[in-house]
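Below is one structure, written out as structure tokens; the observations come after it.
All heavy atoms count here, side chains included; hydrogens, waters and symmetry mates do not. Everything quoted here is computed from the prediction, not taken from an experiment.
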Amino acid sequence: MSLQSVRDFFSARQIDIAIIELEVSTATVALAAEAHDVEPGRIAKTLAFRLGDGKVILLVASGDVRIDNKKFKTTFGKGKMLPAEEVVELTGHPVGGVCPFGLAQDLPIYLDQSLQQYDEVLPAAGAVHSAVRISPAHMAAVTGGLWVDVC
């Protein structure tokens, strides 16, 4: 279902991006980097946060960076990562397959500038064995994502 929602998202927008489906899990940055034979930084991880005002956001960041709490708080205020059950409910994607495409609910998407050092990154595509290859600029364009510096 989740993988199909990503296909539908691309189809509805006439975006020609191949979804890569593998026989192995790519549910973590390390697994995905190994499976796609790329450095961990090229894996675009999508994290879900609930902000202090109750708003839920998605943040896509390079796989080899960590959230800088001070930068995050300056940009968004207080925030807390969502538990897996809520992530699935709000995005429609399982943890390990969460991506900014084909979401179950319309959520604000933010892209950390750590992604901009790469010409191409690999976010998941709605399943724990899927991904797409996309430039950070194209990902921002198709998702309406806003650039931030929080890592």
Side-chain angles (χ1 to χ4, degrees), residues 1-51 54-67 72 75-76 79-148 150-151:
M1 174 60 191
S2 185
L3 190 58
Q4 188 59 48
S5 72
V6 174
R7 284 189 182 105
D8 294 345
F9 176 89
F10 290 152
S11 177
R13 289 157 183 78
Q14 300 177 348
I15 299 169
D16 187 22
I17 297 177
I19 295 176
I20 303 162
E21 293 183 76
L22 301 176
E23 296 295 319
V24 297
S25 174
T26 56
T28 67
V29 170
L31 289 172
E34 184 177 337
H36 293 288
D37 195 28
V38 297
E39 60 196 287
R42 287 189 181 272
I43 303 303
K45 60 186 176 186
T46 303
L47 307 169
F49 292 89
R50 182 175 311 283
L51 303 181
K55 178 174 148 182
V56 173
I57 64 163
L58 293 184
L59 173 67
V60 185
S62 182
D64 63 351
V65 299
R66 297 181 61 121
I67 302 294
F72 187 95
T75 302
F76 296 114
K80 186 174 184 178
M81 283 188 69
L82 293 180
E85 313 78 53
E86 269 192 88
V87 172
V88 173
E89 180 183 327
L90 294 169
T91 67
H93 304 317
V95 172
V98 178
C99 62
F101 318 112
L103 300 169
Q105 294 184 28
D106 191 25
L107 298 170
I109 297 167
Y110 295 90
L111 307 171
D112 186 75
Q113 71 177 17
S114 59
L115 296 167
Q116 292 179 325
Q117 65 184 306
Y118 300 105
D119 60 338
E120 180 180 79
V121 294
L122 288 93
V128 297
H129 64 280
S130 68
V132 297
R133 290 181 176 269
I134 189 170
S135 75
H138 194 199
M139 183 165 46
V142 301
T143 63
L146 300 175
W147 290 105
V148 294
V150 295
C151 293

Notebook entry, point to check: When rounded to the nearest 0.5 angstrom, what distance separates CD1 in Ile57 from CG in Leu82?
Noted result: 9.5 Å
Item checked: Nearest heavy-atom neighbours spanning Val29 and Gly63 -> CG1-O, 3.6 Å
Check: With distance as the sole test, does Ser5 use its side chain to make a donor-acceptor pair with the main-chain N or O of Ser2 at under 3.5 Å?
Finding: yes
Check: Is any side-chain heavy atom of Thr91 closer than 4.5 Å to a side-chain heavy atom of Thr46?
Finding: no
Item checked: Test item: Ser130 side-chain N/O and Glu21 main-chain N/O as donor-acceptor pair under 3.5 Å -> no
Note to self: Is the shortest side-chain heavy-atom distance between Ile109 and Met139 below 4.5 Å?
What the structure shows: no
Note to self: Which heavy atom of Ala27 sits nearest to which heavy atom of Ser25, and what is that distance?
What the structure shows: N-OG, 3.2 Å
Checklist line | Lys/Arg-Asp/Glu bridge criterion (N-O < 4.0 Å) met for Asp64, Lys45 | finding: no
Next item on the list: Would you sort out whether Ile134 and Val121 count as a side chain to side chain contact (heavy atoms under 4.5 Å, CB included), showing the intermediate values?
Entry: CA-CA 6 Å; Ile134 189 170; Val121 294; 4.2 Å; yes
Check: Between Thr75 and Tyr110, is any pair of side-chain heavy atoms under 4.5 Å apart?
Finding: no
Check: Which heavy atom of Gly41 sits nearest a heavy atom of Ser62, and at what distance?
Finding: O-OG, 2.6 Å
Next item on the list: Show your working on side chain to side chain contact (heavy atoms under 4.5 Å, CB included) between Leu47 and Ile67 and close with a plain yes or no.
Entry: CA-CA 10 Å; Leu47 307 169; Ile67 302 294; 4.2 Å; yes
Notebook entry, point to check: Any donor and acceptor pair, going by atom type alone, linking the side chain of Gln117 with main-chain N or O of Ser114 inside 3.5 Å?
Noted result: yes
Item checked: Minimum-distance pair of heavy atoms, taken over all atoms of Val88 and Pro94 -> CG2-CA, 3.9 Å
Checklist line | Residue pair Ile17 / His138, side-chain heavy-atom distance below 4.5 Å | finding: yes
Next item on the list: Determine, for Phe9 and Arg13, whether the Lys NZ or Arg CZ falls below 6.0 Å from the six-membered ring centre while staying within 45 degrees of the axis.
Entry: yes
Notebook entry, point to check: Under the side chain to side chain contact (heavy atoms under 4.5 Å, CB included) criterion, do Phe76 and Val148 qualify, and how do the steps go?
Noted result: CA-CA 10 Å; Phe76 296 114; Val148 294; 4.1 Å; yes
Notebook entry, point to check: For the atom pair CG (Leu31) and NE2 (His36), what is the distance rounded to the nearest 0.5 Å?
Noted result: 10.0 Å
Checklist line | Nearest heavy-atom neighbours spanning Leu111 and Pro136 | finding: CD1-O, 4.3 Å
Checklist line | Any donor-acceptor pair under 3.5 Å from His93 side chain to Pro100 backbone | finding: no
Notebook entry, point to check: Just by distance, do the side chain of Thr26 and the backbone of Val128 share a donor-acceptor pair under 3.5 Å?
Noted result: yes
Check: Hey, does the side chain of Arg42 reach the backbone of Glu120 with a donor-acceptor pair shorter than 3.5 angstrom?
Finding: yes
Notebook entry, point to check: Taking C-beta and beyond as the side chain, do Thr143 and Val60 meet within less than 4.5 Å on heavy atoms?
Noted result: no
Item checked: Approximate separation, where rounding is to 0.5 Å, of Phe72 CZ and Asp112 CG -> 11.0 Å
Notebook entry, point to check: Of the non-hydrogen atoms in Trp147 and Ala140, which two are nearest, and what is the gap between them?
Noted result: NE1-CB, 3.8 Å
Checklist line | Any Cys99 side-chain heavy atom under 4.5 Å of Val6 side chain | finding: yes
